[in-house]
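The first residue of the sequence shown is numbered 1, and numbering continues consecutively from there. What you see below is based on every heavy atom in this structure, not just the backbone, and it leaves out hydrogens, waters and symmetry mates. Note that the coordinates shown come from a computational prediction; the quantities given were computed from them, not determined experimentally.
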Amino acid sequence: MHEELLAVLGKNTIGQPTSNDSGDWLEVGKKNKTAITRTTEFMESPISKIFSGRMRSVLRCPGTQDSVKIEAFQTLQVDIVSDSVVTIEDALKGLTAVETLDEFISPTKGVRADATKQNFIEALPPVLLLHLKTFEYDNISKTTRKIQKLIKYENTLRIDPEIIAPSALPVVGGRVEYSLFAVVYHHGRSALGGHYTCDVSMRDGQWIHYDDEQVVVGSLLEDPKGKRDWQPYMLFY
């Protein structure tokens with residue numbers, strides 16, 4: 001829909017790129033530490049104003065300046081496979097886990113180096129969409145499988161300052177809270193099939209459950225059939 005709106009507004013043609021690199025610039029951080037920063041500019045639309053945030057990816061290699069790339073996102077994809085991920089807050093913390101880059105070649109020395117990559121949230125959107133990575137590819141069976149795991153979540157999502165880029169903390173201003181207003185579930189044990197339903201919050205505090213043509217008013221996570229396969233697939237805050 002973002003691309004369609006850009007086309008209607010005359011800013012872009014459907015199928016054409018909606019982002020471009022703004023070029024490298026030098027960023028000075030704490031203790032005058034410098035980093036080479038590149039920002040991917042994202043064409044603005046009414047959709048991006050609501051759903052778009054920014055991620056900061058920091059590449060560190062001994063003997064070189066940090067390399068920073070800032071990119072826009074409209075949906076945050078979070079991993080849930082780790083045993084340490086029990087709540088949606090745990091999954092968000094996983095976004096900033098330090099990743100070791102194997103076979104990385106130092107740009108200054110031309111030899112293999114111990115490089116790491118770490119992501120942070122640079123800017124949060126007014127409406128936050130979280131996509132739980134419920135399906136993964138199995139290298140043994142060469143098929144896509146569903147991760148059978150229920151992740152805990154509450155009506156209020158508190159964003160831990162640890163996952164915010166240090167340079168963005170003064171702008172964010174401490175702990176940020178979001179209110180849950182919709183949940184999309186995937187029912188079934190297979191990645192090749194199953195069924196999707198949705199819960200949507202009303203202003204009076206009640207929730208409407210949509211299951212094809214069936215519409216039921218009740219409370220969040222209420223299951224009239226008594227089944228417990230209500231695995232969240234997307235959370236809307």
(request) Assign the ring pair His195 / His187 to parallel, tilted or perpendicular, where the plane angle (0 to 90°) is split at 30° and 60°. (result) tilted
(request) From the options Thr87, Val176, Leu235, Leu130, select the one residue that forms a side chain to side chain contact (heavy atoms under 4.5 Å, CB included) with Leu157. (result) Leu130
(request) Not counting sequence neighbours, which residues clear side chain to side chain donor-acceptor pair (under 3.5 Å) with Glu99? List them please. (result) none
(request) Rounded to the nearest 0.5 Å, what's the gap from CD1 on Ile47 to OG on Ser52? Could you check? (result) 11.0 Å
(request) Go through the steps to decide whether Asn119 and Thr96 satisfy the test side chain to side chain donor-acceptor pair (under 3.5 Å), and finish with yes or no. (result) CA-CA 5 Å; Asn119 296 319; Thr96 63; over 6 Å; no
(request) Mark yes or no for whether Asp79, through its side chain, and Val81, through its backbone, hold a donor-acceptor pair below 3.5 Å. (result) no
(message) Are more than 12 heavy atoms, taken from residues, nucleotides or ligands other than Lys49, located less than 6.0 Å from that residue's NZ atom?
(response) no
(request) For the residue pair Tyr233 and His186, categorise the inter-ring angle as parallel (less than 30°), tilted (30 to 60°) or perpendicular (more than 60°). (result) tilted
(message) Taking Gly188's backbone N and O only, do any of them form a donor-acceptor pair with Lys146's side chain (distance below 3.5 Å, no angle check)?
(response) yes
(message) Is it true that, when you exclude Asp160 itself, more than 12 heavy atoms of the residues, nucleotides or ligands shown sit nearer than 6.0 Å to its CG?
(response) yes
(message) Taking Thr144's backbone N and O only, do any of them form a donor-acceptor pair with Glu136's side chain (distance below 3.5 Å, no angle check)?
(response) no
(message) Which residues pass the side chain to side chain contact (heavy atoms under 4.5 Å, CB included) test with Ser179, not counting sequence neighbours?
(response) none
(message) Quick one, Lys152 and Val86 - any side-chain contact, counting heavy atoms below 4.5 Å?
(response) yes
(message) Between Phe236 and Val127, is there a side-chain heavy-atom distance shorter than 4.5 Å?
(response) no
(message) Would you say that Tyr153 contacts Tyr237 through its side chain, given a criterion of any heavy-atom pair below 4.5 Å between the two side chains?
(response) yes
(message) Using only atom types and a distance under 3.5 Å, with no angle test, would you say the side chain of Lys133 pairs donor to acceptor with the backbone of Gln77?
(response) no
(message) Just so I know, are the side chains of His209 and Cys198 near enough to count as touching, which here means a heavy-atom distance under 4.5 Å?
(response) no
(message) Using a strict threshold of under 4.0 Å (side-chain N to carboxylate O), is an ion pair present between Arg158 and Glu89?
(response) no
(request) Taking Gln231 for its side chain and Ile147 for its backbone only, find out whether a donor-acceptor pair lies under 3.5 Å. (result) yes
(request) Start with the C-alpha gap between Ile88 and Leu132, add the side-chain angles, then the distance that decides, and say whether side-chain contact (heavy atoms from CB on, under 4.5 Å) holds. (result) CA-CA 9 Å; Ile88 193 63; Leu132 282 66; 3.9 Å; yes
(request) Compute whether any side-chain donor of one residue and acceptor of the other, for Tyr185 and Asp199, lie under 3.5 angstrom apart. (result) yes
(request) Count the heavy atoms belonging to other residues, nucleotides or ligands that lie under 6.0 Å from CG of Asp83, then report whether that count exceeds 12. (result) no
(request) Please assess Lys69 against Val58 for the test side-chain contact (heavy atoms from CB on, under 4.5 Å), listing each intermediate value before the final yes or no. (result) CA-CA 7 Å; Lys69 188 169 185 178; Val58 183; over 6 Å; no
(message) Do Met202 and Val215 sit in one hydrophobic cluster, given that two such residues count as connected whenever their side-chain heavy atoms are within less than 4.5 Å of each other, even indirectly?
(response) yes
(request) Could you check if a side-chain atom of Leu124 sits within less than 4.5 angstrom of a side-chain atom of Ile164, using non-hydrogen atoms only? (result) yes
(request) Check the surroundings of atom CD in Glu162: do more than 12 heavy atoms from other residues, nucleotides or ligands lie under 6.0 Å from it? (result) no
